[in-house]
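Position 1 is the first residue of the sequence, and the numbers go up from there.
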Amino acid sequence: MGETRTARRPRLRSRPAAVAAAAAACALAAVAAALLPAGGGPARDRPAHSAPAAHSAPAPGPEAAAPAPCTDPEASLRPAGEADGPAVQRIKARGRLIAGVDQNSYRWGYRNPADGELSGFDIDLVRAVAKDILGDPGKVTFLAIPTSRRIPALQTGKVDIVARTMTITCDRIKQVAFSTAYFESGQQVMVPKGSPVTAFDDSLKGKKVCTAEGSTAELKVREEPHGSSLLTVPNQLDCLVRLQLGEVDAVVNDRALAAGQAAQDPSVQLVGKPFTTEPYGVAMNLADTDLVRRVNKVLEDYRSGGAASLWMKAYERWLAGDLKGITAPPEPKYRD
C-alpha cells in the first residue's frame, strides 16, 4: 500500500505542466504529519501537537496474539455485540475517534477541491466507524500519516485506527491487529507513456524504480528487482512526482491507487497485470481486541444489502470509474 496524488493539483496535460504540479505536490506531502480536523480547514490550520492522545498502547493480551504459523493473515476476530470493551470505552469517553488516514490518495483519502473536505473511500469507512461507536459520523479527528509511520502511530497510541489502503500481511499482523479485508487490490507497474517498460519483468533491467518506504511494493521490488535499482520515499505521492520529473523510470504501487493517479495524469499509464494480491484492512493496536470486533461489526453492516449496500454505494461513488467490474466486497474471514 502506498498513496496517490491528490486532486488538489490540476489535471496534467504535458510534461512541463507535470513539473509545475510537482512543486505543489511536494509542498502538500510535507504536511503529511499534520492534524486534519474532520470537516475543517487544511492541515496547517491546526498544529500536530494539539492532537488528543489515543491511548497509552498497553501490552497486547493473549487474545491478540497472531496465529502461528501464518497461513491466512486476513482472518480476523468475529464481530462482537454492543458490549463496550476498554478501547471502545476510551473512544466514547474522549468523544472522538482518532483515525490515521491519507490526504493525498485520490479516490481514497484526499482533499476535495470543490469543498475542501477530506473525502474518499477510506474516509467514508472511517465515518461509518465513528457513527457506530459515537452516533455521529462527524466525530472524527483525522491525522495524516506517511506510509512508513502507520504501524508506529498505532503502537504508540497516537491513533485508534488506521484506514489508509493498508495491506494485511503475515509480518504486519505481528505488529498490529487488522479488521477483515474491506477491499482487494494488487501491485502493478506505472510508467510514462512511451516507456519501454511493459510489466513487472525483465523490461525493468537497468531502470530506476520508486516505491513508498514501508510498503508491500518495496518488499516485492527488493525480492524481485529484475535488474532495477530501487528508490524509496516517504509517500507514494513522492514517487509520482519523481516519475513526472523523469528522476525515476517506473513506480510500483497498488493498482487501486495507481489507477487514480493515471486517471488524473494522462502522461502516465499502468502496464502489465497486477502481480500480487493486496487485501486492505483497518489496522488497530494489538491490545484493542474489542475495537477490532467492533470494526468488524461495522464492516458486516457496511457489506450487507447486496447492490444497495453502503460498500457498493461507496465503490460506485469513488472507485467504479477507474476500477471497473467489481460486483461485491471481499468475503470476511474469521479465525475464532
Practice task
Mind running side chain to side chain donor-acceptor pair (under 3.5 Å) on Thr180 and Arg303 for me, showing each step along the way?
Solution key: CA-CA 11 Å; Thr180 54; Arg303 298 184 189 101; 2.6 Å; yes
Handout entry: Step-by-step side chain to side chain contact (heavy atoms under 4.5 Å, CB included) determination, Arg90 to Asp288
Key = CA-CA 10 Å; Arg90 178 188 73 233; Asp288 291 347; 3.2 Å; yes
Problem - Carboxylate-amine/guanidinium proximity below 4.0 Å for Asp160 and Arg94 - result: yes
Practice task
Tell me who clusters with Leu219, hydrophobic residues only, linked when side chains sit under 4.5 Å apart either directly or through other members.
Solution key: none
Problem - Cluster overlap Val282 with Leu134, hydrophobic side-chain contacts below 4.5 Å - result: yes
Practice task
To the nearest 0.5 angstrom, please state how far the CD1 atom of Ile91 sits from the NZ atom of Lys139.
Solution key: 13.0 Å
Handout entry: Side chains of Gln236 and Gln261 in contact at under 4.5 Å (non-hydrogen atoms)
Key = yes
Exercise for the section: Among residues two or more places apart or on two chains, list those pairs meeting ring-ring contact (aromatic ring centres under 6.0 Å, His included) that have a residue in residues 222-242. Expected result: Phe200-His226
Handout entry: Under-4.0 Å salt bridge between Lys131 and Asp301
Key = no
Handout entry: Test: Asp72 and Arg335 ion pair at under 4.0 Å
Key = no
Exercise for the section: Could you verify whether a donor N or O on one side chain and an acceptor N or O on the other, from Asp254 and Tyr280, lie under 3.5 Å apart? Expected result: yes
Handout entry: side chain to side chain contact (heavy atoms under 4.5 Å, CB included) partners for Ala130, two or more places apart
Key = Leu97, Val140
Practice task
Could you pull out all residues at least two apart from Tyr315 that satisfy ring pair (Phe, Tyr, Trp, His ring centres under 6.0 Å)?
Solution key: Trp311
Exercise for the section: For the residue pair Gln187 and Thr216, confirm or rule out a side-chain donor-acceptor distance under 3.5 Å. Expected result: yes
Exercise for the section: Tell me who clusters with Tyr334, hydrophobic residues only, linked when side chains sit under 4.5 Å apart either directly or through other members. Expected result: none
Practice task
Would you give the length of the straight line joining atom CD1 of Ile168 to atom OG1 of Thr277, rounded to the nearest 0.5 angstrom?
Solution key: 12.0 Å
Practice task
Name all residues meeting the side chain to side chain donor-acceptor pair (under 3.5 Å) criterion together with Arg222; count only those two or more places apart in sequence or in a different chain, and write none if there are none.
Solution key: Glu218
Exercise for the section: Look at the rings of Phe183 and Trp108 and say which category their plane angle falls in: under 30° parallel, 30 to 60° tilted, over 60° perpendicular. Expected result: perpendicular
Exercise for the section: Classify the side-chain pair Thr167/Glu278 by whether it contains a donor and acceptor separated by less than 3.5 Å. Expected result: yes
